[in-house]
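The next block holds one structure in the form of structure tokens; read it before the comments.
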Amino acid sequence: MSPASTGASTTLDAVTPVPSSPRADTRLTPGGPGYRRMSFALFLAGVATFALLYSTQALLPLISGEFGVAASEASWTVAAATGGLALFVLPMSALSERFGRRTVMTASLAVAVTVGMLVPFAPSIGALVVLRAVQGAALAGLPASATAYLAEEVRPKALVTAIGLFVAGNSVGGMSGRVITGWVAQAWGWRVSVGVIGLIAVGCAVAFRLLLPAPRHFQAGSLRPRVLLGTVRDHLSDPLLRRLYAIGALFMTVFGGVYTVIGYRLTGAPFGLPQGIVGSIFLVYLVGTVSASTAGRLVGRLGRRGALYLAGGTTASGLLLSLASSLPLVLLGLVLITAGFFAGHAVASSAVSKTATHGRAQASALYQSAYYIGSSVGSTVGALAFHADGWSGTVGVGLLAVLGVVTITVLGSRAARVAARREPVGAH
């Protein structure tokens with residue numbers, strides 16, 4: 001939907017200047033005017049993004065059955081979507097620097113929901129994978145633009161909480177999409193179920209555009225490739241940002257692998273659960289909603305690195321518990337994996353927005369690119385490991401990724417101590 005069609009000003013997204021008075025901070029804050037509308041609008045955008053992005057994940061056993069393909073081939077319907085997002089998130093962030101965050105987010109949702117209505121009619125696994133790749137590329141305008149919007153429009157003290165609410169919307173979208181598709185598919189098949197998700201996303205997209213306040217602190221940037229490449233080079237030369245990008249990718253490798261394969265494990269022996277019940281397993285995403293939305297308080301108590309250690313330890317504990325042959329223990333393992341993942345993601349993504357001093361959309365885009373590359377790798381490698389060694393293979397991949405998170409965080413702690421010792425010397 002174009003800005004003109006909603007009565008919004010086309011130039012408002014792009015060139016509204018920052019207020020000239022240094023004392024008048026008009027950015028949004030909890031309890032202030034517009035904050036609730038903004039939070040709910042971005043929450044709905046998060047719901048639509050994850051519901052569409054992972055709409056086929058709970059349906060992989062049914063897709064395998066209809067097209068006669070293995071889990072590793074069916075998993076490409078997930079990997080193609082996240083891979084498309086990873087490839088296009090940086091170009092989309094550049095467009096948001098020039099044309100405005102709200103404009104790009106609106107256009108991205110419009111294209112994604114349109115493609116979502118075509119997905120149910122895919123005639124082959126190849127066509128389905130192509131449509132999902134296009135859908136992922138369209139959704140690339142959401143994540144980086146949303147976090148950049150929040151960094152510009154929300155006061156710094158409320159930023160972690162605000163981003164946590166957006167991430168919480170991701171978890172609700174991922175949960176509701178999988179639960180709904182599971183039960184609908186059990187009655188009417190996977191095609192009807194992804195169509196239902198498409199309709200829900202349409203409603204979220206319309207409400208998002210109507211509710212999101214017009215940006216007041218956005219300043220248009222340049223679309224010149226040299227400027228963009230210079231900004232990207234600056235971000236990639238920052239050791240802290242590089243560590244945060246790697247942490248996001250590794251956390252998502254765990255999550256993508258576990259939730260791509262879990263449907264095959266629960267529908268097979270020894271559990272043999274029906275599709276509807278398997279879809280309901282994703283209600284554990286509610287735990288992620290809570291852990292993401294409380295990430296700000298966690299950082300306040302433990303610091304960023306302490307929060308990452310806790311998130312990594314929680315995720316690893318869940319992976320080990322999920323090896324049990326008892327369904328309650330497997331479910332508890334999924335709860336811990338989900339809580340650890342969403343907490344770690346909220347902490348890392350908010351740290352990126354606070355660390356970047358310029359080109360915030362590009363900084364967030366690089367994080368999102370690494371994050372969704374992790375999802376694609378996790379989905380593919382997790383499925384291959386499951387095919388080769390069952391669930392223990394998938395868990396092994398996840399544990400290696402968590403070990404990577406812990407190692408990077410330890411190295412970051414050491415780098416911070418070295419920098420602290422050198423600072424007084426440099427001051428003289």
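Since the model is a prediction, treat every value here as computed from it, not as a measurement.
- A donor-acceptor pair under 3.5 Å links the side-chain atoms of T106 to the main chain of R102, judged by distance alone.
- Within the 3.5 Å criterion, the main-chain N or O of S379 finds no donor-acceptor partner in the side chain of T260.
- Partners of S72 under the side-chain hydrogen bond (donor to acceptor under 3.5 Å, both in side chains) rule, at least two apart in sequence or in another chain, do not exist in this structure.
- Residue M92 holds its CE atom at 9.0 Å from CG of L85, rounded to the nearest 0.5 Å.
- Aromatic ring pairs are classed by plane angle as parallel below 30°, tilted from 30° to 60° and perpendicular above 60°; the pair Y259 and F255 is tilted.
- The environment of OH in Y264 is crowded: more than 12 heavy-atom neighbours from other residues, nucleotides or ligands sit within 6.0 Å.
- At distances below 3.5 Å, at least one donor-acceptor pair connects side-chain atoms of R37 with backbone N or O atoms of L211.
- Around atom CZ of F67, more than 12 heavy atoms belonging to other residues, nucleotides or ligands sit under 6.0 Å away.
- The main-chain N or O of A185 is never found under 3.5 Å from a side-chain atom of W190 such that the two would form a donor-acceptor pair.
- Residues passing the ring pair (Phe, Tyr, Trp, His ring centres under 6.0 Å) test with F251: none are found, sequence neighbours excluded.
- For the residue pair S108 and G141, the shortest heavy atom distance occurs at OG-CA, 3.1 Å.
- Side-chain N/O atoms of Y54 and S375 include a donor and acceptor closer than 3.5 Å.
- Distance check, rounded to the nearest 0.5 Å: CZ of R304 to CG of L308 gives 7.5 Å.
- Checking S96 against Y149 by side-chain atom types alone, no donor-acceptor pair falls below 3.5 Å.
- Judged by distance alone, with hydrogens and angles left aside, the side-chain atoms of S291 form a donor-acceptor pair with the main-chain N or O of A339 at under 3.5 Å.
- From L334, atom CG reaches atom CD1 of I262 across 4.5 Å, with rounding to the nearest 0.5 Å.
- Using a distance-only test at 3.5 Å, with no hydrogens or angles considered, a donor-acceptor pair links the side chain of S350 to the main chain of V347.
- Between the CZ atom of R209 and the CE atom of M105 there is a distance of 9.5 Å, given to the nearest 0.5 Å.
- Counting heavy atoms from C-beta outward, Y309 and T409 have side chains that approach closer than 4.5 Å.
- A distance of 13.5 Å separates CD1 of I408 from OH of Y245, quoted to the nearest 0.5 Å.
- Below 30°, between 30° and 60°, or above 60°: for F386 and W391 the angle between ring planes is above 60°, a perpendicular geometry.
- A donor-acceptor contact closer than 3.5 angstrom is absent between the side chains of R132 and T77.
- Just one of T394, V395, L336, V258 meets the side-chain contact (heavy atoms from CB on, under 4.5 Å) condition when paired with S322; it is V395.
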